[in-house]
Amino acid sequence: MKKIIHIGANKAASTTLQRHLFNKSEYLSYLGEDCVDYLKYKDRLDSLVSDDDFHFSFNETNKIFKYQIENSQNRTFIFSNEDILTSRVPTQCATRLHKLIPDAKILIIIRNQLDAIVSWYANHGAYLKQVPRNYWRRYVSFDDWLEYCFSYPKYSPLESYLYHKHLSLYRDLFGKENIHLLFFEDLIYKKKTFIESLRNILDVKYSIVDDALVNKHERPRNTIRQHRYNQFRSNYFYNTSLAKIIPFSKYTKNMWSRYLSSGDKVKVILNERWENMLVDYFAEDNNQLSLEYSIDINRYNYPN
């Protein structure tokens with residue numbers, strides 16, 4: 001039986017793959033977000049990725065993996081979690097995964113960091129998180145967010161996009177020959193190439209992957225309207241539920257939500273200063289990735 005660990009990256013079609021391919025195909029046995037009985041496993045799977053050994057129970061987690069693998073029959077087993085690359089305990093996480101599935105192949109889908117960082121900001125960074133409830137989801141400007149990222153890179157998304165650094169952990173544990181690397185950009189611009197590569201990794205027919213990904217796009221970039229509304233609410237009526245004071249609140253809320261989610265996607269512009277800083281931050285790691293895995297990062301203008 002083939003076993004796959006899909007480690008991300010963030011903003012590189014992970015949710016689309018999970019919801020429309022991994023979770024839907026009868027030829028795959030899937031463990032991860034949106035899988036069958038996910039709520040039963042969620043706490044253990046989150047702990048596997050995020051917690052120090054002080055909080056993590058290997059035995060309980062092993063039971064989940066063992067049960068899923070034993071019931072996979074002849075299907076390809078895949079564990080998928082894009083948050084692996086943002087783990088605060090990356091070495092522990094990689095070591096646990098090797099102990100759980102020592103014969104697994106590693107799948108990573110990389111994306112040009114300049115594009116990925118912008119996409120991350122639009123859907124996540126613009127909304128203040130991991131703060132007291134009275135400050136939750138307040139608007140954060142792009143400049144303020146990047147200033148924070150560069151001030152604390154180990155605790156920001158920047159670290160998760162050092163692909164070679166992360167893959168070195170998995171190379172040493174699983175072997176370089178078991179690392180499979182795909183370009184997110186191929187999914188957009190050379191879809192047949194992407195699908196052919198992915199179906200070979202998963203050991204399923206081309207048509208299965210193709211059918212699953214037709215016109216599918218989960219968690220698209222937030223719209224201009226959503227972005228501007230967040231700015232407005234951060235300054236006016238913050239922490240006030242408008243639905244409670246507006247007549248026909250449920251209907252109005254749903255209609256307003258549909259309006260905000262429609263229209264053009266928000267455009268976030270990297271100025272020269274930030275672009276140069278990001279290029280400097282990722283260039284060496286990208287060049288090491290290119291050399292070790294013989295990939296052409298210039299094809300999609302990755303920082304180098």
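Starting from 1, each residue takes its place in the sequence as its number.
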ask   = So, the side chain of Arg75 versus the backbone of Ser72: is there a donor-acceptor pair under 3.5 Å, distance only?
value = yes
ask   = Charged N to carboxylate O below 4.0 Å: is that the case for Asp46 and Lys42?
value = yes
query = Can you hop from Ile117 to Phe150 via hydrophobic side chains spaced under 4.5 Å?
reply = yes
Asn271 atom CG, over 12 foreign heavy atoms within 6.0 Å = yes
request  = Would you sort out whether Val49 and Val89 count as a side chain to side chain contact (heavy atoms under 4.5 Å, CB included), showing the intermediate values?
outcome  = CA-CA 7 Å; Val49 171; Val89 288; over 6 Å; no
Lys205/Glu196 ion pair, N-O < 4.0 Å = no
inquiry  = Treating Asn23 as the side-chain partner and Asp34 as the backbone partner, does any N or O pair qualify as donor plus acceptor under 3.5 Å?
reply    = yes
ask   = Would you call Lys191 and Asp186 a salt bridge, taking side-chain N to carboxylate O under 4.0 Å as the test?
value = no
message = Can you confirm whether more than 12 heavy atoms, excluding those of Lys265, are under 6.0 Å from its NZ atom?
response = yes
request  = Specify the closest pair of heavy atoms between Phe79 and Leu45, including all atoms of both residues, with the distance to one decimal.
outcome  = CE1-CD2, 4.0 Å
ask   = Can the ring centroids of Phe22 and His6 be said to lie less than 6.0 angstrom from one another?
value = yes
task = Would you kindly say whether Glu185 and Tyr302 are connected by a side-chain donor-acceptor distance under 3.5 Å?
result = yes
query = Should we count CG of Asn74 as having more than 12 external heavy atoms under 6.0 Å?
reply = no
request  = Decide whether Ile269 and Val140 are clustered together by the hydrophobic rule: side chain heavy atoms of Ile, Leu, Val, Met, Phe, Trp, Tyr closer than 4.5 Å, transitively.
outcome  = no
query = Would one find more than 12 heavy atoms of other residues, nucleotides or ligands at under 6.0 Å from atom OH of Tyr206?
reply = yes
key: Close side-chain approach of Ile295 to Ile110, heavy-atom, < 4.5 Å   = yes
Tyr38, OH atom: more than 12 neighbouring heavy atoms under 6.0 Å = yes
remark   = Nearest heavy-atom contact between Ile64 and Arg44 is CD1-CB, 3.6 Å
Side-chain donor/acceptor of Asp83 to backbone N/O of Thr86, under 3.5 Å = no
remark   = Nearest heavy-atom approach of Ala126 to Ala122 is CB-O, 4.5 Å
inquiry  = Quick check: closest heavy atoms across Ile101 and Lys3, and the distance to 0.1 Å?
reply    = CG2-CD, 3.3 Å
request  = Tell me yes or no: between the side chains of Ser197 and Asn200, is some donor less than 3.5 Å from an acceptor?
outcome  = no
task = Apply salt bridge (charged side-chain N to carboxylate O under 4.0 Å, His left out) to the pair Glu60 and Lys40, showing each step before the final yes or no.
result = CA-CA 12 Å; Glu60 292 301 316; Lys40 287 171 51 179; over 6 Å; no
query = Which other residues end up in the same hydrophobic cluster as Tyr152, if Ile, Leu, Val, Met, Phe, Trp and Tyr are linked when side-chain heavy atoms come under 4.5 Å apart?
reply = Tyr148, Tyr155
task = Could you tell me whether Lys11 and Glu82 have a side-chain N and a carboxylate O separated by less than 4.0 Å?
result = no
Stacked cation flag Arg111 on Phe183, 6.0 angstrom / 45 deg = no
inquiry  = Any side-chain to backbone donor/acceptor pair from Tyr121 onto Phe142? Under 3.5 Å, distance only.
reply    = yes
query = Would you say Ser119's side chain and Ala116's backbone share a donor-acceptor pair under 3.5 angstrom?
reply = no
query = Side chain of Asp285, backbone of His164: donor and acceptor closer than 3.5 Å?
reply = yes
request  = Can you spot which of Tyr170, Phe174, Phe65 makes a ring pair (Phe, Tyr, Trp, His ring centres under 6.0 Å) with His98?
outcome  = Phe174
request  = Kindly indicate whether the side chain of Asn112, heavy atoms from C-beta on, has any atom under 4.5 Å from the side chain of Pro303.
outcome  = yes
ask   = Would a distance-only check, ignoring hydrogens and angles, find a side-chain to backbone donor-acceptor pair under 3.5 Å from Gln68 to Tyr30?
value = yes
inquiry  = Are Tyr127 and Tyr139, when compared by the centres of their aromatic rings, separated by less than 6.0 Å?
reply    = no
ask   = Can we say Lys165 and Glu159 salt-bridge, meaning some charged N sits less than 4.0 Å from an Asp/Glu carboxylate O?
value = yes
remark   = Nearest heavy-atom approach of Glu292 to Lys176 is O-NZ, 2.7 Å
request  = Return yes if some donor-acceptor pair links the side-chain N/O of Ser50 with the main-chain N/O of Ser47 below 3.5 Å, else return no.
outcome  = no
task = List the atom of Cys149, the atom of Leu158, and the distance in Å for their closest heavy-atom pair.
result = O-CD1, 3.5 Å
inquiry  = Looking at Gln130, I'd like to know if its CD atom is crowded, meaning that more than 12 non-hydrogen atoms belonging to other residues, nucleotides or ligands lie closer than 6.0 Å.
reply    = no
request  = Could you tell me whether a side-chain N or O of Thr223 sits under 3.5 Å from a main-chain N or O of Leu260, the two making a donor and an acceptor?
outcome  = yes
message = Would you say Tyr27 ends up clustered with Ile78 if hydrophobic residues are merged whenever their side chains have heavy atoms under 4.5 Å apart, either directly or through other cluster members?
response = yes
message = Would you say Arg96 and Thr61 are linked by a side-chain donor-acceptor pair, where the criterion is simply a distance under 3.5 Å?
response = no
